[in-house]
Amino acid sequence: MDKQESGIRIIGVLVLIAFFAAALLAYVNKITRDPIARNMKEETKRAVRIVLNTLGEIHYPDDPALKKLNDFEARYFPAVGKDSALVGYAIIVKAPNGFGGDFDLMVGIDSTGKVLDTYVLNHKETPGLGDNMKKEDFKKQFRNRTLENTKWMVKKDGGDIDALTAATITSRAFTSGVKRALLTFKALHKGKQK
Amino acid sequence: MTDLALIIVSAVFVNNVIFSRFLGLCPYFGVSKKLDTAIGMSMAVIFVLTLAGTITYIIQTYLLVPLNIGYLQTIAFILIIASLVQFVEIVMKKVAPTLYRGLGIFLPLITTNCAILGISILSVQFKYDLIETIIFSFGSALGFGLALIIFSSVREALDTREIPKAFVGAPIAMIVAGILAMAFMGFSGMVK
Amino acid sequence: MNVKEKLLKSFFVENPVTGLLLGLCPTLATTTSAENGLGMGLATTFVLVSSNVVISLLRNVIPNRVRIPSFIVVIATFVTIVDMGMQATLYDLHKTLGLFIPLIVVNCIILGRAEAFASKNNLWDSFLDGLFMGLGFTFSLFILGSVREILGTGNWLGMALVPGDWSTILVFVLAPGAFLSLGFILVGMNKIARVIEGGK
Amino acid sequence: MLQLRTFKRGGIYPPHEKLSADAKIIFGEIPGNLLIPVNQHIGRPLKITVKKGDAVKRGDLLAESTGFISSNVHSPVDGKVLKIFRFPLLGGLIREVIQIQPTEPGKSFKEVLESDPYFDIDIGSLTPEAIRKRIEEAGIVGMGGAGFPTHVKLSPPPEKKIDALIINGAECEPYITADHRVMVERSSEIIKGIKILQRLFENVPVYIGIEENKPDALKILDELVSKDGDILIVPLKAKYPQGGEKQLIKAVLNREVPSKGLPMDVGVVVQNVATVLAVYDAFYYNRPLTERVVTVSGNVVNQPGNILLPVGTPVSYVVKKFEIDVQKVRLLIAGGPMMGRTSHSFESPVTKTTSALLFFDNRVFAERRENPCLRCGSCLRVCPMGLDVALYTQMIKADKIAPEAKDHIQDCIECGSCAFVCPADRRLVQWMRLGKTIIRREN
Amino acid sequence: MFEIVIPGLILAGFALISASGLFVASKKFYVYEDPRIDEVEELLPGANCGGCGFAGCRAYAENAVNNKTVDPPCPVADAEAMQAVARLLDLEVEVKEKQVATLLCKGTHENSRSVMEYYGIDDCWAAMLVANSLKACAFSCLGLGSCVRACSFDAMLLKDGIVVIDEEKCTGCGMCLQACPKNLLFMRPVSGQVIVTCSNTDRGADARKACKIACIGCMKCEKSCHQNAIHVNDFLASIDYEKCTNCGDCVAACPTNAIEMRGQEVYVTA
Amino acid sequence: MEANGVLIMDSSPLGRTGESTRKIMFTVCLTLVPALAVSVWMFGWDAVRVLVLTAVFTVGVEALIAKFSNTKIDYLDGSALLTGILLAMNVPSNAPWWMLLIGAVVAVVIGKQVFGGLGQNIFNPALVARVFLLISFPMQMTSWPLPGAFDGTTGATPLGILKTEGIGAIKTIGVGDLAMGHIGGSLGEISALALLIGSLYLFYKKYITWEIPVAFIGTVFVFTGAFYLINPAQYASPVFHIFTGGLFLGALYMATDMVTSPLSFKGKLLFGFGCGFFTALIRLFGSYPEGVSFAILFMNAFVPLLDRYFPDKKFGMVKNG
Ligand SMILES: Cc1cc2nc3c(=O)[nH]c(=O)nc-3n(C[C@H](O)[C@H](O)[C@H](O)COP(=O)(O)O)c2cc1C
Ligand SMILES: Cc1cc2nc3c(=O)[nH]c(=O)nc-3n(C[C@H](O)[C@H](O)[C@H](O)COP(=O)(O)O)c2cc1C
Ligand SMILES: Cc1cc2nc3c(=O)[nH]c(=O)nc-3n(C[C@H](O)[C@H](O)[C@H](O)COP(=O)(O)O)c2cc1C
Ligand SMILES: Cc1cc2nc3c(=O)[nH]c(=O)nc-3n(C[C@H](O)[C@H](O)[C@H](O)CO)c2cc1C
Ligand code: SF4
Ligand code: SF4
Ligand code: SF4
Ligand code: SF4
Ligand code: FES
């Protein structure tokens with residue numbers, strides 16, 4: 001085809017293409033930036049609504065606050081009801097040592113310290129096994145438990161929690177995750193009551 | 001130190017590029033018909049992947065992040081990788097022709113190997129620092145090499161076995177890879 | 001060759017996955033369900049069609065020496081567009097496909113078609129080529145995704161096909177199942193391909 | 001008793017079946033018709049020196065050598081050349097034969113032999129050159145099986161110093177007893193033959209390797225040589241393939257012939273006892289090699305025995321002589337069951353290297369088709385050359401011979417140990433031979 | 001506007017650096033390789049069958065370009081492709097007629113009785129190590145299919161103890177010729193329809209005993225041929241396809257049916 | 001002179017030993033009888049059910065393939081039966097029938113026939129099936145009926161207990177229990193002693209050789225022993241390790257599968273070592289309680305390399321002449 005490809009032309013064309021490509025991308029980025037950011041937040045907020053579903057109409061901040069305890073940290077959304085009174089928290093903790101590593105768990109806790117519901121944000125547990133922790137059958141046993149009224153261990157380890165069939169590892173992680181959330185709640189609530 | 005060792009173990013066995021991350025499969029199936037070529041290819045991948053991991057790390061941390069143009073990551077990385085590979089090829093052909101005959105012929109194949117881009121992007125996602133990135137890239141390439149070399153030796157052995165006609169070639173290769181992937185699952189959980 | 005024949009051919013005979021064994025990483029990684037396979041396939045089709053069109057337009061402008069880098073830049077641009085667009089509109093799907101969206105760049109099919117077809121043919125043909133190749137790719141991903149989803153989870157496109165208390169063959173949604181399923185699908189597709197080719 | 005020597009690597013213990021061990025060598029009659037194969041040796045093909053209708057005398061040249069590695073063929077009887085044509089030899093190959101119609105068919109062969117004049121030779125006066133020349137003229141080839149021209153083997157290049165001569169009396173193959181009987185019945189002649197060969201290499205020490213299952217031969221020879229310091233009888237453990245020259249050298253002298261090498265590379269020449277006897281005959285009776293002792297045995301032979309036959313005798317003569325019921329015969333082997341070759345024609349002639357004719361019915365030969373290799377490793381374990389037989393044969397079958405396997409394949413001595421033990425009935429020797437053919441074709 | 005142009009400039013800079021780097025490198029480390037090698041390779045069928053004697057199509061292309069020759073022509077490529085290669089190299093190429101492999105034997109089980117029960121492995125070379133021939137005729141096809149396995153084009157199959165060649169599928173690559181230990185296959189131009197399907201060089205009586213359709217060297221065909229195209233040597237007839245006009249007179253003259261006429265529908269008289 | 005019919009032509013040698021594929025396979029099956037007897041004694045009729053079903057399924061699947069394929073397959077040569085028995089010995093005695101069927105299909109189809117059938121496979125068919133089942137049905141494959149408990153009580157294997165409950169939980173299990181089969185586990189896993197007795201005959205017949213089992217068990221012993229010495233409070237004793245989890249079954253019967261193990265002396269030692277090393281690694285650090293199957297399967301893939309780079313010394317490979 002082109003017999004003499006001068007150096008200038010070669011480099012020039014590539015540079016031009018790169019320029020237009022990047023410019024195009026910058027433009028697309030400009031359009032999509034906000035929806036993406038919104039989507040990211042939306043997911044967490046949707047989760048908050050799910051775990052605090054039983055509290056009726058609530059209001060909560062756009063971004064979570066951070067709470068550090070001795071051996072782990074947690075992010076949380078304090079939720080207020082219609083009358084602006086604090087009705088509960090949605091607390092995000094890392095559930096430690098799952099089958100596929102740590103995973104993020106959101107726990108809804110009402111103002112009395114009872115677990116309302118749980119939501120797994122992202123995880124690498126095995127589909128069909130560990131990821132059954134998202135199922136109602138497993139989740140329901142956590143409702144209404146508090147830090148005090150429950151031994152926060154799976155039954156195999158002498159606690160009160162029924163493990164998922166053949167997924168004790170996940171169940172253990174999940175259980176410690178919920179416990180972490182309750183500990184966080186305790187720390188937060190103590191502060192509030194002062 | 002143990003951390004770095006764990007990164008290697010993880011990259012080679014637990015999260016092997018081929019069997020767990022699913023990266024670089026085209027050359028894995030394409031260049032595994034003969035053991036000798038597989039060894040050459042493995043060496044080439046180890047070389048390029050380590051280099052690419054390092055350079056993309058530098059680009060990411062000192063260019064894309066400060067300038068706030070993270071969305072150019074894909075395009076910038078692939079541009080760098082493509083030119084890097086071609087550059088190495090051109091230079092090697094001239095400077096070390098024997099090495100070129102051993103490794104160089106695989107270089108064009110490597111450009112379109114998603115392991116290179118994939119591992120580069122992953123080290124960014126994992127928030128590794130420079131040393132970790134280098135170790136991670138190297139370890140992943142090592143995992144690729146290990147998988148490729150045993151796979152090709154098995155495929156070479158299959159050449160002398162009486163595979164049913166319908167399964168000759170790609171299908172039996174897939175099945176072998178599947179069984180190997182099952183064996184690799186034994187390592188799961190070794191590094192959290 | 002009419003469109004129907006061409007479509008049939010790109011589905012079975014010249015199918016990028018089962019015929020040419022290209023683009024295997026997304027094929028195997030993202031087909032844990034039929035839906036994911038479909039999503040990945042369509043994303044790839046979009047990039048394939050757009051880059052084919054643009055490259056066909058630029059084919060007389062781009063000098064030979066920098067052909068490959070230029071193609072890659074073009075492709076990468078569209079990939080990034082898909083990446084961002086999906087994140088903005090189909091957030092959940094994007095999350096499951098994850099790393100493999102940017103990796104469309106190195107999907108060997110795309111560069112392969114750019115090289116072998118779009119850089120030599122006119123706009124309309126390149127468009128069709130991209131479309132058919134993309135649909136062929138999507139088709140195999142969909143089949144593979146369906147097989148794995150049905151065997152591995154008992155569902156199909158989210159619908160439960162077997163009673164809940166049945167055990168499903170977990171391995172199919174895991175890594176080994178991807179290879180094994182593709183191995184057997186290849187056998188089937190090759191058989192069909194032979195029938196189609198023989199029929200002519 | 002002396003410590004029995006043997007080679008270490010591999011080897012098998014097939015049943016001996018030496019049914020004819022005590023049967024004296026008998027002499028038959030001149031058959032009505034002889035088919036003398038033109039080429040009975042390894043090396044350059046011969047030039048036929050007679051034509052249809054020619055009259056020939058016993059000992060006349062029928063075909064002459066065309067180079068150094070080549071060996072003359074003579075007529076064992078007086079007669080007339082009837083025809084020169086192609087015919088299946090023992091072992092199935094179709095080759096040129098010279099058909100001779102004897103003048104006195106039915107005459108006792110013993111008489112023929114006895115009419116040969118005897119020369120009392122002074123061995124001390126023979127020069128090495130004269131010895132080699134006589135051996136070459138007499139058309140002597142290795143009678144241990146390979147048929148390699150003996151004069152060539154006895155002329156190693158000067159840089160290869162020969163410091164031992166081994167006489168191969170192992171006869172490790174089942175059934176065959178020809179060498180055994182020769183050692184028992186013509187022991188002193190063998191010793192005289194050895195003395196001739198010894199002159200070629202400045203009176204090197206000589207070892208006669210004999211397996212323990214021939215105690216009479218061991219005893220007779222031992223008594224004969226007890227006064228000779230430089231001839232040693234070496235009793236060997238009965239283990240196949242003890243008679244393979246590389247294994248024999250390893251057993252007797254613990255020297256290992258290098259891969260692709262020859263015995264002379266470790267300073268040894270190996271000769272079969274029958275060959276030595278042929279040398280003796282060539283000097284003391286001026287006889288060319290035109291007859292040999294053949295074991296006739298097998299499960300359909302009622303009276304297994306050993307018989308001296310002129311080269312060219314068709315199998316049908318033996319069948320009649322030993323009253324074998326051909327209706328029963330399903331398998332005819334020339335040589336032993338381990339290395340011998342099958343034949344399909346009863347008219348095929350005996351050659352200089354035919355050590356035995358074995359006749360079997362179906363019973364020993366149940367249908368055996370190849371089954372898939374199990375990689376059981378038995379073949380590797382028994383291969384005296386330590387070859388990875390199972391791997392090579394798979395490669396050969398797939399026509400994908402790895403370069404590093406080629407030398408090893410060529411090292412196979414085709415002893416058959418591997419196939420003997422293979423539970424899957426694989427034709428390992430045939431594969432190995434095919435492999436050699438492929439490799440040769442490539443070069 | 002700024003946030004669009006700036007990234008554009010950055011990536012352009014990027015491209016500038018890598019492109020000029022590559023450009024300089026490619027100048028400085030230039031290694032010449034004739035681009036025509038690639039072009040020739042593209043024209044070749046890519047069967048990598050080795051029929052040409054080179055190690056695959058690429059090696060053939062290298063030889064073609066470096067030595068400026070299309071000899072030997074690729075046996076698989078059609079004449080058009082070879083001419084394209086020749087044009088590329090500025091060569092003249094003579095168009096050769098398509099050649100097909102032909103079996104010079106008709107020793108089917110029926111024609112030549114089998115004289116042994118062969119238990120060895122199914123390979124003609126291997127069988128040759130055990131016996132020269134499995135049938136009464138020493139020259140006959142062993143029927144164990146070494147040639148069939150050597151053919152990469154699926155053009156051969158075994159039937160009744162001999163091979164049958166599909167002349168449509170045969171590309172004339174000649175691989176089977178090398179595979180046959182008995183030299184029973186040879187190449188003839190497709191238009192040559194008259195074939196002596198025998199290779200037995202024994203004298204008439206012996207040959208006749210060995211096989212029903214054997215050529216017995218009776219010379220009748222030689223006498224019947226007006227074109228001087230068929231000759232008997234060593235008791236075996238052979239045809240000179242340069243001269244043969246497919247008239248079929250020899251076919252009619254042969255007392256043993258050793259001569260065969262293929263594709264009679266395109267029968268032409270001289 | 002004419003024989004009665006044509007003579008036979010074949011390549012030398014024309015003699016054979018009496019060995020055959022069938023004989024080997026059925027012998028191996030027979031030597032498993034003591035171990036099978038122990039498991040029937042321990043698990044009752046359930047063990048018989050699993051055995052019979054698996055054997056029927058494997059042979060049946062192979063027979064079906066033989067029927068529909070155009071290559072000759074001898075489905076009664078005992079290899080499919082052996083695969084079936086070994087698979088049965090690798091599953092819990094309460095395994096449902098459909099699981100056994102899936103296992104049989106996987107073993108015969110994916111493990112064997114796609115490679116061309118007997119002798120052609122790279123991976124051990126029974127183990128391909130076992131690992132397939134283990135990955136697919138971890139629930140059923142990791143809860144085991146307890147021996148002697150005919151009421152259907154299930155529990156974990158000693159290794160499973162060790163993995164999920166820590167070292168304390170296994171303190172009560174004695175070596176005698178382990179060797180004699182008083183532990184939870186799959187059919188073949190529970191009695192090391194019976195397996196050893198059966199295998200003695202295989203050693204005698206040279207169907208298996210000592211290199212692989214010794215290297216395998218020895219390596220596991222040494223590695224787990226090293227960790228035990230470092231920290232007995234966290235790691236179980238090496239004796240516990242070698243008597244649990246089917247190590248004997250794996251080392252004596254599965255790693256030694258002639259088709260899928262190396263041929264040379266050095267190759268066998270390295271193979272055994274690799275199996276042992278990865279078994280120990282997975283047991284000590286992996287998620288799975290048991291590593292034998294994975295380790296053998298993994299090492300199967302190395303067999304071609306071992307065959308190629310560690311061949312036995314050949315005759316005549318001497319330095320200079
Ligand atoms: C393929 C596969 C995936 C697994 N995934 C999980 C998982 O996600 N979560 C988990 O706790 N265990 C998982 N396991 C581990 C086993 O089920 C393990 O036996 C179990 O966690 C502990 O046993 P138990 O729950 O029966 O006490 C997995 C096992 C396999 C074979
Ligand atoms: C091509 C060839 C060349 C040989 N050259 C010699 C030689 O120079 N000197 C020698 O002593 N033997 C030579 N031999 C003979 C072999 O060493 C060997 O004795 C012969 O092949 C028979 O041995 P076998 O019966 O053990 O197979 C040669 C053999 C062959 C096939
Ligand atoms: C496997 C094998 C077994 C052999 N057995 C004998 C044997 O028992 N007796 C013997 O004289 N030669 C035997 N030979 C032939 C010898 O290797 C060697 O060629 C012969 O002794 C050389 O002597 P020659 O040239 O006089 O025949 C055997 C060869 C092979 C390969
Ligand atoms: C000593 C020995 C051990 C065997 N072990 C196994 C085994 O672990 N798994 C199996 O499927 N077959 C086994 N077999 C049977 C056979 O080799 C197996 O089915 C082949 O792998 C199929 O090609 C064994 C055979 C023998 C002789
Ligand atoms: S025939 Fe060859 S391969 Fe077989 S045992 Fe003898 S030397 Fe070894
Ligand atoms: S003896 Fe037979 S089955 Fe055993 S490894 Fe050798 S060839 Fe294979
Ligand atoms: S028959 Fe096959 S191998 Fe022979 S020339 Fe024709 S195509 Fe080639
Ligand atoms: S033509 Fe030759 S190679 Fe083909 S089957 Fe006949 S003998 Fe064998
Ligand atoms: S898609 Fe081709 S290497 Fe990944």
Side-chain angles (χ1 to χ4, degrees), chain D residues 9 14 92 174 246 256-261 265-266 316 319 326-333 335 337-344 346-347 364-365 368 371-378 380-381 384-388 390-391 408 411 414 416-417 419-425 427 429-430 433, chain F residues 1-25 71-74 77 79 115-121 206-209 256-265 267-268 303-304 307-309 311-321:
Chain D
R9 184 195 298 278
K246 290 185 177 180
E256 199 160 313
V257 180
S259 167
K260 296 215 287 190
D265 293 331
V266 290
S316 56
V319 168
V326 277
Q327 299 301 312
K328 282 196 195 145
V329 179
R330 286 276 287 137
L331 180 61
L332 163 59
I333 308 174
M338 296 302 298
M339 292 193 67
R341 302 179 52 120
T342 54
S343 300
H344 62 89
F346 286 119
E347 296 308 322
V364 285
F365 196 89
R368 328 171 330 223
N371 287 312
C373 167
L374 298 170
R375 289 172 51 93
C376 69
S378 308
L380 281 77
R381 206 155 39 229
M385 299 304 289
L387 306 182
D388 301 337
L391 294 180
H408 299 316
D411 266 351
E414 300 177 19
S417 305
F420 181 76
V421 296
C422 176
D425 281 335
R427 301 297 191 274
V429 180
Q430 203 183 2
R433 290 169 73 194
Chain F
M1 183 170 300
E2 281 289 315
N4 186 13
V6 290
L7 294 184
I8 288 164
M9 293 295 275
D10 198 351
S11 162
S12 63
L14 297 138
R16 286 289 191 280
T17 55
E19 292 298 346
S20 70
T21 306
R22 278 184 188 218
K23 200 165 149 192
I24 294 179
M25 293 301 164
T71 48
K72 224 184 107 223
I73 298 172
D74 181 3
D77 64 8
S79 69
F115 290 93
L118 181 66
Q120 314 300 305
N121 49 312
K206 296 214 178 104
Y207 292 165
I208 60 179
T209 49
T256 52
D257 175 10
M258 29 183 74
V259 175
T260 56
S261 59
L263 290 163
S264 68
F265 176 76
K268 284 179 178 166
V303 170
D307 275 348
R308 176 157 166 179
Y309 290 112
D312 287 332
K313 193 177 150 281
K314 312 272 175 288
F315 186 96
M317 287 292 142
V318 276
K319 276 148 258 122
N320 65 58

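In the text below, chain A, chain B and the rest are named by the order of the sequence lines, each starting its count at 1.
Ranking D:P14, D:P337, D:P372 against chain F, the residue ahead of the rest is D:P337, based on heavy-atom pairs under 4.5 Å. Interface summary for chain F: among D:S378, D:S343, D:P174, D:C422, the most heavy-atom pairs under 4.5 angstrom belong to D:S343. Most heavy-atom pairs under 4.5 Å with chain F, from the set D:M385, D:K260, D:R381: that is D:M385. Counting heavy-atom pairs under 4.5 Å between each of D:G261, D:G377, D:G340 and chain F puts D:G340 at the top. Put simply, of D:V421, D:T342, D:V257, D:N371, the one with the most heavy-atom pairs under 4.5 Å next to chain F is D:T342. Across F:P262, F:G316, F:S261, the residue that shares the most heavy-atom pairs under 4.5 angstrom with chain D is F:G316. Chain D forms more heavy-atom pairs under 4.5 Å with one residue of F:K314, F:M258, F:R308, F:E19 than with any other, namely F:K314.
If you take CD1 on F:I8 and CG on D:L332, they are separated by 11.0 Å, rounding to the nearest 0.5 Å. Expressed to the nearest 0.5 Å, how far CE of D:M338 lies from CG of F:L14 amounts to 9.0 Å.
Taking a cutoff of 4.0 Å between a charged side-chain nitrogen and a carboxylate oxygen, D:R375 and F:D307 qualify as a salt bridge.
The closest side-chain heavy-atom distance from D:D425 to F:R16 is below 4.5 Å.
Closest approach of D:A419 to F:P13, counting heavy atoms only: CB-CD, 3.4 Å. Heavy-atom minimum distance, F:L7 versus D:F346: CD1-CZ, 4.1 Å. Scanning both residues, D:G92 and F:M9, for their nearest heavy atoms gives CA-CE, 3.7 Å.
Of the two parts of F:K313, the backbone and the side chain both hold a non-hydrogen atom closer than 4.5 Å to a non-hydrogen atom of chain D. With a 4.5 angstrom heavy-atom cutoff, D:H408 touches chain F only via side-chain atoms. Heavy atoms closer than 4.5 Å to chain F are found in both the backbone and the side chain of D:L374. In this structure, chain D has no heavy atom under 4.5 Å from any part of F:K72. Residue D:L387 touches chain F through both its backbone and its side chain, counting heavy-atom pairs closer than 4.5 Å. Heavy atoms of D:C373 lying under 4.5 Å from chain F belong exclusively to its backbone. Residue F:I24 touches chain D through its side chain alone, counting heavy-atom pairs closer than 4.5 Å.
Distance alone, capped at 3.5 Å, is enough to place a donor-acceptor pair between the D:R330 side chain and the F:V6 backbone.
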- Run the side-chain contact (heavy atoms from CB on, under 4.5 Å) check on F:L263 and D:L391 step by step: do they pass? CA-CA 9 Å; F:L263 290 163; D:L391 294 180; 3.7 Å; yes
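Under the side-chain contact (heavy atoms from CB on, under 4.5 Å) criterion, D:S417 pairs with D:I12, D:Y240, D:P241, D:V382, D:P384, D:C415, not counting sequence neighbours. Contacts of D:R433 classified as side-chain contact (heavy atoms from CB on, under 4.5 Å), with partners at least two apart in sequence or in another chain: D:R341, D:E414, D:V429, E:L129, F:S11.
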